[in-house]
Structure formats: structure tokens, C-alpha cells
Amino acid sequence: MSMFVAVVNTVAVMVIALSLVYFLAAMIAGIHELRRAGASLRTQGNAVYDRPFSGEPASFDVYFLIPCLNEEAVIGPTVSALAGGRRSTTIVVDDGSDDATAAIAEQAGGATTTVIRRRLPHARAGKGAALNAAFSTVLELVAERAQDPERVLVCVMDADGRLSDGALSHILPLFEDPAVGGSQLAVRIRNRDQNFLTRFQDFQFWSMSAVTQFGRRKTGTVSLGGNGQFTRLTALRELGTEPWSASLTEDLDLAISLIANGWRLETTPDASVDQQGVESLRRLVVQRRRWYQGHMTAGRRIGEVWSNPDIPHGRALEVSAYLSVPWLFDLPWSILWHWTLATLVLRADAQFAWATSPVSALVGGAIWYLVTFAPAIFTTIVYHRRDRRVGWPTAVLMGHAFVVMNYLSFVCAWGALIRMVRGRTGWDKTTRTVEPSASPA
């Protein structure tokens with residue numbers, strides 16, 4: 001029995017150490033990249049999401065693709081905000097909606113907006129299928145307009161997505177580098193003040209995800225998302241007529257395909273995209289479970305990255321580590337966390353034997369706190385600095401809340417694994433809510 005306990009404790013220490021090293025390395029790399037780019041953590045902290053084409057260079061033709069299924073609550077302002085580009089076209093894919101999504105999009109978008117209506121049984125086959133339908137229209141329009149494919153970009157937006165002011169002026173120059181195949185913007189949660197869940201989502205996206213994404217610029221492996229995703233047309237064409245897969249995370253699948261083909265994936269600290277956060281716990285679990293399932297399924301594609309001899313080893317290692325996170329950290333830690341907690345409680349006398357005086361208890365307790373809550377402390381500081389409008393009490397609460405919110409990850413990871421074992425790949429759509437402000441400035 002003692003041998004079993006020793007083995008489990010050793011594994012727990014290894015998982016804790018590896019996850020801490022991975023997390024801190026990614027965050028520190030992100031901060032370093034921000035400084036190297038002449039930016040700081042507070043860049044975009046008070047961004048406004050009204051005029052994305054302000055200062056736009058006339059260097060690329062941009063096609064915005066917006067897949068929609070019953071999005072009448074949010075589609076109008078999104079399409080309207082994208083109608084002011086100098087060389088842009090918006091393609092809205094009404095994927096079998098039974099509400100007024102298509103009519104609202106047509107009215108809000110005007111002459112620069114095309115609405116594609118998909119009907120059952122071909123509709124509602126997933127976001128990837130809807131994007132592929134729009135992609136064929138992009139190819140037709142590019143040929144019809146005699147546009148240079150090398151100077152065409154495709155941007156995927158969610159129906160509730162809004163680009164920050166001047167976003168195009170920062171994104172388009174990235175693609176002047178011929179090695180860049182795609183770019184993903186940092187995400188801000190627009191309704192972050194709604195409740196604890198929406199604030200925590202903003203904390204995750206703006207404090208952790210965005211900063212680690214900046215760090216991944218070092219290896220050119222920035223992960224693509226489903227909102228604010230820009231891709232070079234020629235890079236998509238290399239993947240065939242249907243570049244988006246049927247995966248539950250078609251955006252991650254696309255990122256892997258582009259990296260495997262030798263393209264660099266970028267981001268910029270000077271532009272961002274905002275979106276609605278999920279306001280109920282049940283809907284948040286459904287959303288994150290889908291994300292976990294897609295991420296865990298994508299792990300099988302690690303070999304594709306290593307099969308290309310032209311990809312630098314650092315890039316391949318980073319992708320492999322990122323795809324392995326659910327398998328190496330989330331699932332094992334969901335068990336080891338409770339083992340460690342039980343050991344701490346049941347063997348408290350032995351665990352805290354060093355507390356022989358008030359001074360030793362204070363010093364030892366402080367050291368224990370700093371080591372145990374290092375990620376919480378780090379992200380608390382980062383979140384506050386990313387947006388100075390976030391007070392210290394809120395930042396501290398969010399930083400320490402992720403220790404409790406780990407249970408959300410545990411539930412979603414195991415739920416995803418069960419769905420994978422049962423062969424369930426159905427798509428669970430995120431439901432939007434009507435917002436108080438219905439039109440962009």
C-alpha cells in the first residue's frame with residue numbers, strides 16, 4: 001500500500017510541476033512577445049468595437065464569413081459593422097434558421113453583403129459545412145471580380161462578433177509576410193458585467209488565453225478560433241474545396257492543417273474581437289464540453305505536424321504540447337487533485353509539522369500559499385493590468401476562482417471523453433441573448 005501511495009504522490013507532483021512550468025512558460029513568453037512588439041499588457045484594455053475599418057490600408061480584399069443558425073438576436077449589428085470596408089464583402093450563411101436571421105442580415109448589410117440560404121437536409125450539418133458553402137462562393141466571387149488570390153483574405157466571424165476600432169489596419173500588415181497563413185485575434189467578453197460566469201469567461205479569454213496566444217507567436221503556432229479568424233485564401237486553397245472539417249472544433253482543425261503545411265499562424269496585440277459570454281452554467285458546460293471533445297479528438301493529428309520535415313522542431317513540439325493538454329493535465333489532474341486534497345486533510349499533522357511557532361506558521365503558510373496559488377496570483381496581476389477598469393477585488397476573486405472553476409474543466413473533460421467513447425459527435429449550438437444596445441455607433 002505504501003508503494004502505491006508513493007507512486008501516486010510522485011505522479012501528482014510530476015503533473016503539478018509540468019502543468020505549472022507549461023503555464024508559466026506560456027504566460028512569460030506572451031509578456032515577452034508583447035514587449036518585443038512595442039505593446040504592453042494594457043494594450044486594447046479599453047478598446048472600442050465600433051469602427052473596425054478605421055485607417056484600413058487598401059492592401060487586401062477581405063471576405064467576412066458569418067455562419068448563422070437562428071441568430072436574429074445579434075446578427076444585425078454584426079453585419080452592419082462589417083459593411084464599411086473599402087475592399088470587403090460579407091457572406092452570411094443562413095444554415096437552416098427558422099427565425100428572421102436572413103432577412104435581418106440582408107437589411108443590415110446592404111450591397112456589400114451576400115446571404116446564402118441553406119435548407120434541410122443539407123443545412124445544420126455543423127459550422128465547418130456552413131463555412132465550406134461560403135468558401136465556394138468566395139472562390140466564385142474572386143474569379144468573377146478578377147481579384148489576385150494572393151491578395152485575398154478570409155475572415156470567420158461569429159454572429160455576435162465585433163472587431164475593435166482600426167482592427168484591419170493592424171491585421172492586414174501581418175499578411176505582408178508571405179510565410180503567414182493565418183491570424184487570430186484576442187477575444188473579449190462583451191457582457192462580462194452580467195454575472196460571475198460571464199466575468200470569469202472574460203478573465204479566461206483576456207488574462208490567460210490572450211497572453212499565452214501572444215507567447216505562441218514565438219513558434220508561429222497561434223491557435224485559430226471561431227471568431228476573429230483571418231486566413232490567407234491561397235493557404236485555404238491548398239486544403240481543397242472544403243478546408244474546414246466536420247470536427248466539433250473546426251477552427252483548431254484548420255490551424256493544425258495550416259501548420260502541417262508549413263504556414264505560420266500569427267496574432268497582434270493591437271486588435272481584438274468581442275463576443276457574448278454564456279450566461280448560464282448549463283449552457284457553459286455544453287459549450288466547453290464541445291470544445292474539449294474537439295481538442296481531445298485533434299490530438300490524433302500530432303503525427304501530421306511531425307511528418308513535414310520543413311517544420312522546425314520547436315514548432316512541432318509546441319503544437320504537440322498544446323494538443324496533449326487535456327490528456328496529460330486535465331484528465332489526470334481531475335483525479336490527482338482530490339487525492340492530494342484528501343492527503344492534505346487526512347495527514348494534516350504530518351503535512352504541517354513545520355508549523356511549530358507563530359512565526360514558522362506564518363512564514364511557512366506564506367510559502368505554501370505562494371507555491372500552491374502561483375497561477376492564481378500571476379493571473380490576478382495580469383488581469384488587472386490588462387484592463388485597469390478591473391479593480392483589485394474583482395481581479396483577486398477571478399484569479400482564485402479558477403481553482404474552484406477547475407471543476408468545470410473536470411466535468412467537461414470527462415463528459416467529452418464519455419461522448420467520444422459512445423461515438424457521439426452531435427453539434428450543440430451556443431444560444432445568444434438579445435442585447436440592450438442593438439446597433440453599432
Side-chain angles (χ1 to χ4, degrees), residues 1-32 34-35 40-42 196 199-200 202-204 206-209 211-212 215 321 324-388 390-411 413-414:
M1 183 63 180
S2 58
M3 177 64 72
F4 173 77
V5 172
V7 170
V8 174
N9 286 339
T10 301
V11 173
V13 170
M14 291 176 61
V15 170
I16 294 172
L18 287 174
S19 60
L20 185 60
V21 168
Y22 180 79
F23 170 78
L24 292 178
M27 293 290 285
I28 292 171
I31 294 172
H32 180 262
L34 281 171
R35 292 182 176 178
S40 67
L41 284 171
R42 72 186 65 179
F196 169 79
R199 174 59 69 176
F200 186 77
D202 185 65
F203 164 78
Q204 285 186 312
W206 200 240
S207 174
M208 293 190 287
S209 178
V211 176
T212 55
S324 301
V325 165
W327 299 103
L328 293 182
F329 298 142
D330 292 306
L331 289 173
W333 183 235
S334 66
I335 298 172
L336 296 172
W337 158 253
H338 295 92
W339 171 273
T340 304
L341 191 62
T343 302
L344 184 65
V345 173
L346 297 176
R347 303 180 62 190
D349 292 342
Q351 296 289 340
F352 296 98
W354 39 265
T356 57
S357 67
V359 174
S360 63
L362 183 62
V363 174
I367 295 174
W368 176 83
Y369 169 77
L370 291 173
V371 173
T372 305
F373 288 88
I377 299 168
F378 198 100
T379 51
T380 292
I381 297 171
V382 169
Y383 191 46
H384 175 70
R385 292 181 64 85
R386 288 281 283 159
D387 186 349
R388 288 302 177 90
V390 176
W392 278 113
T394 300
V396 170
L397 174 63
M398 291 299 107
H400 291 73
F402 92 82
V403 177
V404 178
M405 291 297 284
N406 271 338
Y407 283 96
L408 175 66
S409 299
F410 299 160
V411 169
W414 283 103

Participant: Do M398 and W206 have side-chain heavy atoms sitting under 4.5 Å apart?
Facilitator: no
Participant: Does some side-chain heavy atom of S19 sit less than 4.5 Å from a side-chain heavy atom of W333?
Facilitator: no
Participant: More than 12 heavy atoms of other residues, nucleotides or ligands under 6.0 Å from CZ of R35: yes or no?
Facilitator: no
Participant: Would you call the rings of F196 and F200 parallel, tilted or perpendicular if under 30° counts as parallel and over 60° as perpendicular?
Facilitator: parallel
Participant: Around atom NE2 of H32, are there more than 12 heavy atoms of other residues, nucleotides or ligands at under 6.0 Å?
Facilitator: no
Participant: Quick one: does any side-chain atom of H400 pair with a main-chain N or O of V396 as donor and acceptor, under 3.5 Å?
Facilitator: yes
Participant: For a side-chain contact (heavy atoms from CB on, under 4.5 Å) with L336, tell me which candidate from I16, L331, V11, V13 qualifies.
Facilitator: V11
Participant: Given 3.5 Å as the limit, does a donor-acceptor pair link the side chain of R386 with the main chain of L41, or not?
Facilitator: yes
Participant: Looking at every non-hydrogen atom in both residues, tell me the closest pair between A12 and T340 and how far apart they are.
Facilitator: CB-OG1, 4.0 Å
Participant: Could you check whether any side-chain heavy atom of F402 comes within less than 4.5 Å of a side-chain heavy atom of T379, counting everything from C-beta outward?
Facilitator: yes
Participant: Under 4.5 Å between any side-chain heavy atoms of M208 and F203, yes or no?
Facilitator: yes
Participant: Are side-chain N/O atoms of S334 and W414 paired as donor and acceptor at under 3.5 Å?
Facilitator: yes
Participant: Can you name the closest pair of heavy atoms from P332 and P326 and give their distance?
Facilitator: CD-O, 4.2 Å
Participant: So I28 and F378, do their side chains get closer than 4.5 Å, heavy atoms only?
Facilitator: yes
Participant: Could you check if a side-chain atom of L18 sits within less than 4.5 angstrom of a side-chain atom of L328, using non-hydrogen atoms only?
Facilitator: no
Participant: May I ask you to test the V403-W337 pair for a side-chain heavy-atom distance under 4.5 Å?
Facilitator: yes
Participant: Using 30° and 60° as the class limits, which term best fits the ring planes of W339 and F4: parallel, tilted or perpendicular?
Facilitator: perpendicular
Participant: Are R199 and L397 packed together at the side-chain level, in the sense that at least one heavy-atom pair is separated by less than 4.5 angstrom?
Facilitator: no
Participant: Please name all residues satisfying side chain to side chain donor-acceptor pair (under 3.5 Å) with S209, sequence neighbours left out, ordered by chain then number.
Facilitator: none
Participant: Mind listing the closest non-hydrogen atom pair of A395 and V390 along with its distance?
Facilitator: N-CG1, 4.0 Å
Participant: Using the rule given for side-chain contact (heavy atoms from CB on, under 4.5 Å), can you reason through W392 versus T380, listing the C-alpha separation, both sets of side-chain angles and the distance that settles it, and then say yes or no?
Facilitator: CA-CA 8 Å; W392 278 113; T380 292; 4.0 Å; yes
Participant: Which atoms form the tightest heavy-atom contact between A26 and T212, and what is the distance?
Facilitator: CB-CG2, 3.7 Å
